[in-house]
Each structure stands twice: as C-alpha cells, then as structure tokens.
Amino acid sequence: MALLQISEPGQSPNPHQRRIAVGIDLGTTHSLVASVRNGVAECLPDDEGRVLLPSVVRYAPDGKRQIGYSARSHEVDDAANTIVSVKRFMGRSLTDLGEQAQQLPYAFEQASANAMVELQTRAGRKSPVEVSAEILATLRYRAEDTFNDDIHGAVITVPAYFDDAQRQATKDAAKLAGLNLLRLINEPTAAAIAYGLDNGSEGIYAVYDLGGGTFDISILRLTQGVFEVVATGGDSALGGDDYDAALTRWVLEQTGITPQTVEDRAALRIAAKACKERLTDAETAVFELLLPSGAQINQLVSRDDFAQATAALTKRSLQAVRRALRDADLAVEDVQGVVMVGGSTRMPSVRDAVEQLFGQPPLTNLNPDEVVALGASIQANQLAGNNAAGELLLLDVIPLSLGIETMGGLVERIISRNETIPTARAQDFTTYKDGQTAMAIHVVQGERDLVQDCRSLARFELRGIPAMAAGAARIRVSFTVDADGLLSVSAREQASGVEAHIEVKPSYGLSDEQVAKMLQDGFATAQEDMKARALVEARVDADRMLLATQSALDADGDVLSPQQRQDIEALMAQLRQALTSDDAAHVEAATQALAKGTEAFAAERMNRGIREALAGKSVQSIS
C-alpha cells in the first residue's frame with residue numbers, strides 16, 4: 001500500500017529530513033546563535049571558534065561594514081560611525097532618549113515627532129532596525145556556514161519588558177536580515193526552557209536576567225514540559241552599561257578629571273567595562289586609562305568600592321524582583337531556584353544580593369551569556385517540527401496592562417498585566433450622546449487609572465454607528481495579543497455590524513523611565529488614582545444627568561408648572577456648581593438630588609407617552 005505524506009502547503013520535505021532552525025539572542029552587548037544538533041542545544045561558533053558576537057556595527061570609510069570584533073576595535077577612534085548598544089535605541093524617539101542622547105557620540109536625527117530615532121553615519125542615515133539587521137544577518141551567515149544549508153527559520157529573543165513598538169522593530173530587523181521569524185519569545189522564558197530541560201527541573205523558578213541594557217525578572221512554574229510564566233517585571237533602563245557608567249562617575253569623582261570630548265567618553269566606557277570584568281575574579285583592579293584628550297587616570301578600585309558605587313542599581317533590580325513575587329502571590333520561600341541570566345550577573349555584588357534575598361545560592365551551572373540562545377534554539381527546533389525530544393508547551397505573559405480611554409480620560413483595562421498569551425479579550429461599550437454615529441478608540445498601555453499617566457499606543461475611529469439614543473448602541477471592542485506579544489484591536493457595533501480594525505504598530509515605544517516606573521507608579525499612587533477616578537466618574541455621571549434632564553425639558557417641559565420647572569433648573573444649577581468641586585461625594589450628592597427632583601417629571605413624561613400611544617384605540621384592539 002502506498003503511503004501519502006502530508007506536509008505544510010508549499011513544502012514537501014523528505015520524510016527523514018530535519019529542518020534547520022536556530023535561536024538568536026539579539027543582545028545589547030553580545031549576540032549569539034544556537035541550534036539543536038544531534039539532540040543537544042549548542043551555540044554556533046564563528047571561524048575562529050568564538051560563540052559571542054559583539055553587537056557592534058561600524059560603517060567604514062571604504063563603504064564597507066564591519067560587524068563584531070573588528071568593529072569594536074574602532075569604538076574610540078571612529079566613535080560616531082561605530083554603533084554600540086543599538087538595542088537601546090530600538091523603538092525609541094529622540095525624546096525617549098532624553099539626556100542620554102547628549103552623552104553619546106552619535107548624530108541623532110528624527111523624521112518626525114512620531115518617528116524612530118535614526119543615526120547619521122558616513123554611510124547615510126541608519127535606523128536601529130537596519131543596524132540590528134546587520135547583526136542578525138551575520139548570525140544567519142554563521143548558521144548557514146555551519147550547516148552548509150539554508151535556515152528554515154529562527155526564534156529571536158527580546159526583553160520581557162519590550163513593548164509593541166520594540167517587538168515590531170525586532171520583527172522588521174529579522175525580515176531585513178532575510179530570516180524567517182518563527183516567533184519572538186521573552187529572554188527569561190528562553191533561559192528557563194534551557195535550564196528546565198537541561199536539569200529536568202520542576203516547581204517555581206525565578207529567572208534573574210541582567211544583560212547589557214535591560215533587566216528582566218520572570219517567575220515561572222515548570223511542570224512536566226509546561227513552562228508557565230506566572231509573573232514578569234523588570235527595568236528597561238537598567239543593565240551592564242549602567243554599571244559601567246556608575247563606575248565611571250565614581251572614578252571621575254575620585255580623580256577630579258572631566259572628560260573633554262566624545263572620544264574621552266567612549267574611552268571611559270570601554271575602560272570601565274574592562275575594570276568591572278576584572279573585578280569578577282579579583283578583589284581589586286586598576287582603572288587605568290590615558291584619555292584621548294591627554295589626561296591620565298590611574299585609580300585603584302576594590303570590589304567594595306564597585307559595590308558601593310553601583311548599590312542603587314542593584315537595589316532597583318531587587319525591587320523589581322519583589323514586585324514580581326507579589327504579582328505572583330508568592331514568597332521568596334516558595335522559589336525552588338533562581339536562574340542567573342546575562343553576562344552582568346557575573347558581578348559578585350549582584351550574585352551576593354540575589355543570594356541574600358532568596359536565602360539560597362543562585363543557579364549558575366549554565367553559561368549566563370549562552371543560556372538565552374540555547375533556550376531559543378530548543379523552541380525553534382520544536383516550531384520547525386523537529387519534535388523527537390518531545391513536546392514543549394510555552395505559556396508566556398504580557399508585561400503591562402492594555403486598555404482604552406473612556407469618557408473623562410479614564411482607562412478601562414481590557415487585558416491585565418501578567419495575562420497568559422496568546423490571548424483575546426472583549427468588552428462592550430456604548431455611546432455617550434444621542435445620535436452619536438462615530439466613536440474614537442484610543443488604545444493605551446500602563447497601570448494607572450488616568451489616560452494622561454499611561455502610554456498612548458494607537459488611535460482609530462469606528463464610523464457608521466446607527467443614530468440611537470445615548471446608551472442604546474452596543475460596541476464590542478476586542479483585543480488580541482499574539483504569541484509574539486503584538487496587539488491588534490477591533491471595534492464592532494453589534495446591531496449594524498459595522499467594524500473597524502487596527503494592527504497596533506506605534507512608531508516608537510515606551511521611554512526608559514516610563515517602562516521602569518510604570519508598575520512602581522501604579523503601586524505608589526493607587527490611593528491617589530482611586531480618588532481621581534472616583535471624581536472623574538462622578539463628573540461623567542453628572543454631565544450625563546444634566547444632558548438627559550435638559551433634553552427632557554426641551555422635549556416635554558410643557559407638562560411642568562412654572563414652579564416645578566424652576567425647581568428643576570435650580571437643582572441643575574446646583575449640580576453645575578458642584579462640578580467645579582474636587583470632592584467626588586459632593587458631586588454625587590448633587591447628582592442624586594437632581595435625580596430625585598426629576599422623578600415626578602419622569603413619571604409625567606411616561607404617562608404622556610402612554611396616552612399618546614393609546615390615543616384613538618379601543619380597549620378591544622389593545623387587548
């Protein structure tokens with residue numbers, strides 16, 4: 001009997017052929033590519049046996065590009081054209097970068113207020129997406145050279161706190177690099193996959209991921225091949241680069257030296273990084289540097305000095321850890337192990353702080369530089385259909401709440417933070433005014449109750465709503481977040497079927513400070529937000545009551561006596577006066593007074609309506 005092989009549309013692989021898929025860790029400082037070979041995940045080396053690729057791109061005078069180690073050697077002598085830590089610019093505007101832009105040796109440009117920042121180089125203007133694509137393409141070539149074959153697809157990791165704009169920018173970079181993107185997954189989740197499968201671990205694990213530019217903390221539950229993220233948090237403005245900057249500031253304070261040029265600042269950054277790395281294995285190290293401007297630095301630095309200079313940064317990471325544990329409703333005692341991820345976790349002061357918090361030594365038996373890429377390669381292997389090692393179920397979460405703006409500038413959350421993705425949620429809304437035929441949908445992200453305190457993601461309009469009385473229309477707003485953490489929103493009027501839809505692709509994402517403080521602000525200002533929300537809701541109800549009463553007076557005011565109308569108008573005036581108050585209870589009391597004062601009017605209007613409906617009809621025809 002002949003066997004019929006079923007395959008994906010457009011693909012007819014040999015039944016015994018294995019699709020080559022890779023996992024890529026696109027890092028701030030270094031990037032790596034890994035793949036599952038002979039059932040084992042391993043990082044792929046370059047032709048000199050190095051698995052790390054410095055995330056550095058230089059646009060050389062001869063029109064060529066240098067990527068990796070060759071580019072890194074020009075950080076000082078050609079700083080303006082040698083782009084480092086480009087991941088920090090992904091999905092960012094010039095406003096988002098703030099003062100940081102003044103400290104960097106690059107000439108930043110921006111096409112418009114809502115555009116991603118670009119860098120002016122001798123090769124022309126380059127966006128962070130283009131620079132990242134150069135790094136991804138280099139890793140792709142490395143993988144193709146290793147296997148002497150084309151790559152079926154790739155899983156690329158991103159920080160858990162990357163928002164929609166940053167994730168979309170990463171997807172665009174993958175496309176530009178010629179990669180078939182199978183999925184974006186969060187870096188801590190990828191690390192947990194690598195660690196969990198390598199050790200057969202089960203239970204609650206924390207993944208402490210401190211890289212070159214970002215910090216993420218994820219709390220996961222591992223059970224028989226199921227990786228469920230129960231909470232995530234972090235700080236997108238915290239990484240090894242910030243530790244280097246803190247050490248640089250400390251050294252400059254000790255020596256009294258002030259950098260004079262951008263080349264001085266670039267040289268200081270490199271020297272600080274080298275000193276920090278030496279302190280990993282030694283109790284003291286010398287911060288030694290001859291600045292391009294001529295000043296000489298020769299400063300002895302101890303581990304204690306470094307720990308003191310960077311204590312505030314380590315404390316920020318631990319605060320994010322505690323918030324994630326609270327979100328997961330867990331205590332530190334519930335955590336079976338803490339997986340350390342990212343090269344910056346090699347710092348002794350960081351490891352000591354994590355051990356002190358959790359009361360147990362962190363797990364460091366996997367290389368912190370490689371573990372994210374290894375986990376991504378395991379996920380890629382599965383998505384490519386190579387499941388010989390068994391199924392793996394990955395349940396990730398969304399890091400920040402998503403919602404829409406409602407009347408009064410309030411946020412109505414539709415998807416809450418730490419919701420498992422992919423997910424879809426819908427909620428019904430209605431019109432505010434009589435005859436309203438359009439509704440503006442404003443999509444926002446954040447944990448605060450007022451729109452002004454959250455981040456705007458997108459706006460669109462639903463038009464063609466049938467003209468109805470206020471509150472009669474039913475508009476269903478649906479949010480869908482895919483496996484990559486990207487959002488789409490649709491709005492549909494239920495009676496007529498008119499619909500509008502948008503793929504949320506903001507031109508740039510959350511600023512570093514916004515992301516780092518969103519959850520903190522949500523906790524710190526909860527009481528204030530509740531009061532503000534109550535006041536706004538009271539004012540919205542009052543406005544609605546005034547509109548409805550005025551509409552009723554215009555239509556049926558003749559049923560009232562002059563005194564009755566005067567009483568109602570007096571109550572309306574009192575409510576308008578109450579609207580100027582900041583006391584929600586006062587506004588609510590005035591609204592209730594107007595509602596009670598118009599009860600007889602409402603009853604008389606109803607009686608008139610019934611009389612008009614029955615006019616000219618016999619009892620027999622009604623029955």
Side-chain angles (χ1 to χ4, degrees), residues 160-168 184 186 228-233 327-328 395-432 436 438-463 465 471-495 497-506 509-510 514-515 518-519 521-523 525-526 529-530 532-534 536-537 540-541:
Y161 252 43
F162 257 26
D163 68 1
D164 291 279
Q166 293 164 304
R167 291 170 190 266
Q168 188 61 50
L184 296 175
N186 291 340
E228 179 188 3
V229 182
V230 293
T232 191
D327 286 345
L395 302 174
D396 220 328
V397 299
I398 189 165
L400 293 168
S401 300
L402 297 162
I404 68 169
E405 178 179 358
T406 58
M407 286 302 298
L410 295 176
V411 176
E412 184 65 30
R413 293 189 187 91
I414 294 180
I415 298 181
S416 299
R417 74 177 189 277
N418 289 324
E419 182 89 20
T420 301
I421 59 173
T423 186
R425 291 285 186 273
Q427 195 163 324
D428 288 347
F429 297 87
T430 190
T431 50
Y432 181 73
Q436 185 175 336
M439 177 178 286
I441 310 292
H442 181 199
V443 183
V444 297
Q445 182 178 39
E447 305 308 316
R448 302 289 296 275
D449 283 333
L450 301 182
V451 168
Q452 66 189 27
D453 298 320
C454 292
R455 180 56 183 255
S456 173
L457 289 183
R459 296 176 186 266
F460 67 104
E461 290 186 349
L462 175 65
R463 294 189 171 275
I465 301 172
R474 287 291 176 268
I475 293 94
R476 177 156 297 179
V477 179
S478 302
F479 277 37
T480 302
V481 180
D482 65 16
D484 294 325
L486 297 172
L487 171 67
S488 61
V489 181
S490 63
R492 177 186 176 90
E493 201 284 310
Q494 299 293 77
V498 296
E499 188 170 5
H501 178 84
I502 188 171
E503 297 287 338
V504 177
K505 295 181 181 179
L510 299 170
Q514 282 175 306
V515 173
M518 263 190 171
L519 285 179
D521 288 348
F523 288 121
T525 61
D529 284 353
M530 287 176 61
R533 186 180 187 95
V536 171
E537 288 176 341
V540 169
D541 289 342

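Position 1 is the first residue of the sequence, and the numbers go up from there.
Taking CD of Q168 as the reference point, atom CG of L184 lies at 9.0 Å (rounded to 0.5 Å). Atom CE of M439 is separated from atom CD1 of I475 by 4.0 Å, given to the nearest 0.5 angstrom. Of the inter-residue distances, the one linking I404 atom CD1 with T406 atom OG1 reads 7.0 Å to the nearest 0.5 angstrom.
Applying the side chain to side chain contact (heavy atoms under 4.5 Å, CB included) criterion to A426, with sequence neighbours excluded, gives R476, S478. In this structure, the side chain to side chain contact (heavy atoms under 4.5 Å, CB included) partners of E537, at least two apart in sequence or on a different chain, are L410, R533. Taking the side-chain hydrogen bond (donor to acceptor under 3.5 Å, both in side chains) definition, one finds that T431 meets it with nothing, sequence neighbours left out. Qualifying side chain to side chain contact (heavy atoms under 4.5 Å, CB included) partners for R425, counting only residues two or more places apart in sequence or in other chains: I414, I415, E419, T423. Remark: A495 pairs with M468, E493 by the side chain to side chain contact (heavy atoms under 4.5 Å, CB included) rule, at least two apart or across chains. By the side-chain hydrogen bond (donor to acceptor under 3.5 Å, both in side chains) test, E461 pairs with R463, sequence neighbours left out.
In plain terms, the two heavy atoms of A473 and I465 that are nearest each other are CB-CG2, 4.1 Å. When every heavy atom of R492 is checked against every heavy atom of G497, the shortest pair comes out as NH1-O, 3.5 Å. Here the closest non-hydrogen pair linking T480 and A424 is OG1-CB, 4.0 Å. Across every non-hydrogen atom of L450 and V411, the tightest pair is C-CG2, 3.7 Å. Between R413 and Q427, the closest heavy-atom pair is O-OE1, 3.8 Å. Between V498 and L462, the closest heavy-atom pair is O-CD1, 3.8 Å.
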